[in-house]
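So that the names make sense, note that chain A is the first sequence line, chain B the second, and so on, each numbered from 1.
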Protein chains: 2
Amino acid sequence: MTIKEIAALAGTSRGTVDRVLNGRGNVNSELADRIISIATQNNYQPNQHAQALIKSRKHMTIGVVINSLGNEFFDDVLRGIHDRAQKYLSSGFSIIVKEIKGYDGNEQISAIDMVLEHDVDALAIMPLDLPEVREKLKSLKIPIVMFNTDIQMDKLAFVGCDYYNSGGLSGDIAKLIMGSRGGKIGIVIGSFMMQGHKLRISGFTDSVNTNENMNIVACVENADDDSRSYEVTKELISEHHPDLIYFGAAGVKGGVEAVLDSNENIQIITVDETTPTREYLDKGVISATVTQQPYIQGVLTIKILYNYLSSKKPPRERYNYTENQVKLRNSK
Amino acid sequence: MTIKEIAALAGTSRGTVDRVLNGRGNVNSELADRIISIATQNNYQPNQHAQALIKSRKHMTIGVVINSLGNEFFDDVLRGIHDRAQKYLSSGFSIIVKEIKGYDGNEQISAIDMVLEHDVDALAIMPLDLPEVREKLKSLKIPIVMFNTDIQMDKLAFVGCDYYNSGGLSGDIAKLIMGSRGGKIGIVIGSFMMQGHKLRISGFTDSVNTNENMNIVACVENADDDSRSYEVTKELISEHHPDLIYFGAAGVKGGVEAVLDSNENIQIITVDETTPTREYLDKGVISATVTQQPYIQGVLTIKILYNYLSSKKPPRERYNYTENQVKLRNSK
DNA sequence: CTGAAAGCGCTTACAG
DNA sequence: CTGAAAGCGCTTACAG
């Protein structure tokens, strides 16, 4: 069933059918009713490819602000972003990516301004949870997708990790390792100020607490920094002598080195999969790591914005959580 | 960059550019070179939507033969197949699916004949490793994708599990559970005649053997059948009193019941995620299961055939292995 | 309020 | 070996 066929059946032109079916108004209501009933009776579905072909006439750009410099985790996210953008390339689509380092509010705001200068039609960002950033984002008139980090604010969609579940899954691994014997557990996290990190701690705690022989003896912050991580982990070990440590954020390399230097027999669970994590996994230094599909995070962010810009349809889900996956030595 | 622009730059017509870019031959080689260099220099990407719009003219059908009846595992595979087919629906595409039960060669052959009667342009099948099936497939003149099960034969592509790796990953889990203490391990598999099952055993064995305290004390067949599984598992337990059992194929429900009835403290690792597996995972009866992305297997099978039929391009990889994933209680 | 026509980027007969 | 033309299903000015 095509617009042409509907027009023939209704005894009118394709233009008029288009007006009715797409609510562009100014059509005699009797005619309109006739067209609508023909379309619904025949279960008319517009040809996606024909519609997309026309859309490729108007160019659109998505701006991406990402705190990726100096953080290998985001390599995969960026790959996902670029791969998806590449796929839409021929449809008159482009992205402008601004990479920044660290977590400074003003820097993020000027990064936003920078991409706005390119007259972008939408924004993808991992927003810092600061009043000035929030204000800035609220002032924008374009759709926003938040990825990896969520802040409480109106948005088209969020794409990222379900942090509570990630912690819960890590707790499952801890239970697998410790069995009914249980033992002492230490947690090393980036910052108690980070929503995601706090959620990982509660997920982990709730999961582990179902076994009364497992005791969380300490929970410390490493500010996502390797040398700081080394220090706090060293201290944690000498003070508590844990049987297992859960590194729930970045700073894995520094923390693991502290474990190795301690010469104690400590099991290790981490998050994400970067070069050092993979090496530690291969060497059997760490038992498991829980990943969050960073590549898919990038892909999905662009996909949602592209679909919204080209058909005005919001995504099916506002909150799009990627899968938390357990990776062991033989995992691909 | 469009074909029109390339034609203008090369001083020729769109038809000729099309012939060159799509290898339809019969073009003066000098002209062809010029066109190719213009296209590559400008990073020409054909507009997917325009191509898809045209493809929707010719109808094509893929036949699917799947031994899914009575085996819940294939529900997800079928979902993947249908979802992908649905996606191509408006492009004049359809599938004809023949579900069969059990593993009888003649039944599979008549299922093939049945879909062939619908004049299919390609075949997706999980072939039985039998001479008569092989002969039948060899006699076909249409492209074939084998999914889930591979047999040695020329084919467009295979989509399915890397069985050796699946076994290796299950071995990793066993090591995680048993730690340096080690223990006795039993294996329950479908059949030593099944290539995939044998590979899972070697992957598991090779992985586990890196720890000399872990001993595989028995390896038995359950014919993928629950009541048979109950019997052999019961026997295995009373004879060897293992600390852990790896169920590397179907028949999980029967086997696990035997473990529960034995009242011994035995850890369990399984493969795939069906309703009973999920329940056992939630109840903490089994420690982990290793899945093989059945949904993706379905999607990829149709995707490869669709792309091949509509653009004559073979898939990038002949062997497409889906990811083996560790699932614990908190896994989604 | 309505229709005829042009066009999106590509492919496909057809004529030479 | 090559080009002109028609057409895929839809949308968009434009003319009435």
Strictly below 4.0 Å: does A:Gln51 bring a side-chain N or O up to OP1 or OP2 of D:dG9?
no

To the nearest Å, give me how far apart CD1 (B:Ile54) and P (C:dT11) are.
6 Å

Whole Å only: how far is the CG atom of B:Asn22 from the P atom of C:dC10?
10 Å

Does the structure show a Watson-Crick or G-U wobble partner for D:dA13, both distances under 3.5 Å? Name it, or say none.
none

So does B:Glu323 pair up with A:Lys327, basic N to acidic O under 4.0 Å?
yes

Just wondering, are more than 12 heavy atoms of other shown residues or ligands nearer than 6.0 Å to NZ in A:Lys87?
no

Walking DNA chain C from its 5' end, the first of B:Ala50 and A:Leu31 to be reached, judged by nearest nucleotide, is A:Leu31

Determine which nucleotide pairs with C:dA4, using a 3.5 Å limit on both distances of a Watson-Crick or G-U wobble pair.
none

May I have the distance from B:Tyr44 (atom OH) to C:dG9 (atom C1'), rounded to whole angstrom?
7 Å

Over 60° means perpendicular and under 30° means parallel, so classify the ring planes of B:Phe158 and B:Tyr319, tilted if in between.
tilted

For A:Asn26, report the nucleic acid contact type (base, sugar-phosphate, nothing); a contact means any heavy atom under 4.0 Å.
base

Looking at B:Ser13, does any N or O in its side chain come under 4.0 Å of the phosphate oxygens OP1/OP2 on D:dT2?
no

Using whole Å, report how far NE2 of A:His49 lies from P of C:dT11.
14 Å

Nearest whole angstrom, please: distance from the P of D:dA6 to the CG of B:Leu53.
18 Å

So does B:Thr12 get a side-chain nitrogen or oxygen closer than 4.0 Å to the phosphate oxygens (OP1/OP2) of D:dG3?
yes

To the nearest angstrom, how far is B:Ile3 atom CD1 from C:dC8 atom P?
14 Å

Would you say the side-chain atoms of A:Glu99 and A:Ser68 include a donor-acceptor pair closer than 3.5 Å?
yes

Whole-Å distance, A:Arg19 CZ to D:dC14 C1', equals 11 Å

Is there a side-chain polar atom (N or O) of A:Arg24 under 4.0 Å from OP1 or OP2 of D:dT12?
yes

By nearest heavy atom, map B:Thr2 and A:Ser29 onto DNA chain C; which one lands nearer the 5' end?
A:Ser29

Let me know which of A:Val145, A:Leu300, A:Ile144 forms a side-chain contact (heavy atoms from CB on, under 4.5 Å) with A:Leu305.
A:Val145

Taking D:dT11, D:dC10, D:dT2 as options, the one with an atom nearest any side-chain atom of A:Asp18 is D:dT11

Whole angstrom is fine here: how far is it from NZ in B:Lys4 over to C1' in D:dA5?
14 Å

